[in-house]
Amino acid sequence: MSSAVKSLNSKELEELGNNCVEIEFNKGDIIFKQGALSSNIVYLKSGLAKIHIKGPYKEQIISITKATSYLGIPSTFNDKIDEYSATALEKTKVCFIDARVFKDFINRKGGFAYEIIIEMCKNKINAYKKCVNRAQKQVHGRIADSLLYFYKEIYNNKKFTLPLTRHEFAGLVDTSRESVCRILSQFNTDGIIKLNGNKITIVNEELLEKISKSG
DNA sequence: GCATTAACCACAG
DNA sequence: CTGTGGTTAATGC
C-alpha cells in the first residue's frame, strides 16, 4: 500500500480495489511499452523494474525502481501514450489502476494528492541529479555511483546480484558495454569489489564512495 | 608532442 | 552474452 493510498477511507479503498487489476510478471517481461496506449496508473507492488526509453541510437535505462512505487504516473496524466517502457527485472507484482478513479481521488482528496505530489517531486529531483552526474562524471564515477545505488537503495546489502546484463548496465550509466566490463574487472583486481559473474560484493566502500564523488 | 579517456571493432570463450 | 586487446579520436597538460 502506498502512502497515498493510506490516506483513503475504507469506502474509497473498495472503490480503488474495484478498479484495479493485479498481475504478476516474470524477469524480462515487459510491463508496458513506449508508444502503447494506456489509461492506467501502474503501481509496483513488489519486485524490481527498469524504466527505459528508446533513443535515436540505443536503449537508455532511465532508472531502476524497487517496490513499492508508481511506475506510470507522468505519462498517463499528460498523454494517452506511454512515453517510456517498463520491464520487470525479477518476479514482480504490479497493479494497474484505472486513471479515472485515480484522478477522481486527486480531485476529492487533498491528502491523497499531496502524497502523489511528494512522490513525483522525489522522482524529479532524482532525475535532475542523474542528469548532472551523467553529464559531468566520467565512467568510473558513474559506475561507482550505480554500484552504491544498488547496494544502498535497492538491496541494502553489500552483496548482491546485478539484475542487468553488461549491455543493460552500459545503458544505465551511458557508456559502452566494453567499458563496463573493463571497469568492473578493474574494480575487482583493485580489491574495491568482488566480482563473480553478476554477483558483486562491495569490499571497499570508502574508496568506491570516493570514486563516485570525484568522478 | 605526450598522456589520458573512452568508444568502436574484432575475435574468442 | 562477456572479456580482452588493438586502434583511434578527442581533450588536456
Side-chain angles (χ1 to χ4, degrees), chain A residues 24-36 44 46-67 71 82-94 126-215:
Chain A
E24 195 170 285
F25 291 94
N26 289 316
K27 184 180 169 73
D29 285 350
I30 295 167
I31 298 169
F32 55 85
K33 194 173 165 72
Q34 179 177 3
L44 185 62
S46 70
L48 195 66
K50 65 170 176 175
I51 305 291
H52 49 114
I53 292 185
K54 193 188 200 156
Y57 300 107
K58 56 184 175 170
E59 198 78 9
Q60 181 112 29
I61 299 184
I62 305 301
S63 70
I64 307 284
T65 305
K66 180 178 72 161
L71 296 178
D82 284 325
E83 302 286 349
Y84 54 85
S85 305
T87 303
L89 293 175
E90 56 185 48
K91 214 176 193 32
T92 287
K93 279 184 191 157
V94 175
N126 280 336
Y128 285 172
K129 283 184 180 168
K130 216 164 274 172
C131 184
V132 171
N133 283 341
R134 245 204 289 252
Q136 297 188 9
K137 282 182 186 174
Q138 51 192 61
V139 185
H140 288 83
R142 301 205 297 273
I143 288 185
D145 261 3
S146 288
L147 293 175
L148 289 169
Y149 176 76
F150 280 115
Y151 152 44
K152 289 183 180 168
E153 309 292 328
I154 304 285
Y155 295 108
N156 297 314
N157 195 330
K158 291 196 177 189
K159 206 169 162 183
F160 57 86
T161 304
L162 256 192
L164 306 170
T165 66
R166 296 288 189 271
H167 185 253
E168 288 173 310
F169 197 85
L172 177 65
V173 296
D174 188 26
T175 185
S176 66
R177 182 195 115 255
E178 293 95 322
S179 296
V180 172
C181 285
R182 277 199 191 102
I183 289 166
L184 283 182
S185 68
Q186 194 189 329
F187 282 172
N188 185 42
T189 50
D190 291 347
I192 300 170
I193 61 170
K194 214 167 111 227
L195 183 64
N196 181 8
N198 276 343
K199 284 193 215 107
I200 289 177
T201 311
I202 292 179
V203 179
N204 191 338
E205 185 187 340
E206 299 82 66
L207 193 50
L208 201 57
E209 204 82 58
K210 212 167 156 187
I211 293 169
S212 155
K213 287 213 175 71
S214 59

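Just so it is clear, the model here is predicted, and its values are computed rather than measured. So you know, we letter chains A, B, ... as the sequences are listed, proteins then strands, and number each from 1.
Between A/Leu184 atom CG and B/dA6 atom P the separation is 14 Å, expressed in whole Å. A straight line from CG of A/Leu195 to P of C/dT4 spans 9 Å, rounded to a whole angstrom. Computed from coordinates, the A/Lys137 NZ to B/dA6 C1' distance equals 18 Å when rounded to whole Å. Taking atom CD1 on A/Ile143 and atom P on B/dT5, their separation rounds to 14 Å, with Å as the unit. Rounding to whole angstrom units, NE2 of residue A/His167 and C1' of B/dC8 are separated by 13 Å. Spacing between atom CD1 of A/Ile183 and atom C1' of C/dG3 amounts to 14 Å, rounded to whole angstrom units. In this structure, A/Leu164 places its CG atom 15 Å from C1' of C/dT2, rounding to the nearest Å. Taking atom CG on A/Asn188 and atom C1' on C/dG3, their separation rounds to 12 Å, with Å as the unit.
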### Task
Quick one: do A/Asp29 and A/Thr87 satisfy side-chain contact (heavy atoms from CB on, under 4.5 Å)? Show the steps, please.
CA-CA 6 Å; A/Asp29 285 350; A/Thr87 303; 6.0 Å; no

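Take the nearest nucleotide of DNA chain C for A/Asn198 and for A/Arg182: the residue whose nucleotide is more 5' is A/Asn198.
A donor-acceptor contact under 3.5 Å links the side chain of A/Glu178 to the base of B/dC9.
The side chain of A/Gln138 approaches B/dA6 more closely than any other nucleotide in the set B/dA6, C/dG3, B/dC8. Nearest nucleotide to the A/Ser185 side chain, out of C/dT4, B/dA7, C/dT2: C/dT4.
Distances shown here put every side-chain N or O of A/Arg177 at or beyond 4.0 Å from the OP1 or OP2 atom of C/dC1. Contact annotation: A/His140 reaches the phosphate of B/dA6 (side-chain N/O to OP1 or OP2, under 4.0 Å). Look at A/Ser179 and you won't find any side-chain N or O under 4.0 angstrom from OP1 or OP2 of B/dT5.
A donor atom on one side chain and an acceptor atom on the other are found under 3.5 Å apart for A/Ser212 and A/Asp145.
Under the 4.5 Å side-chain criterion, counting only non-hydrogen atoms from C-beta, A/Val94 is in contact with A/Phe25.
Salt bridge annotation for A/Lys152-A/Glu209: present, with a cationic side-chain nitrogen under 4.0 angstrom from a carboxylate oxygen. Note on A/Lys91 versus A/Glu24: salt bridge recorded, some NZ/NE/NH1/NH2 to OD/OE distance being below 4.0 Å.
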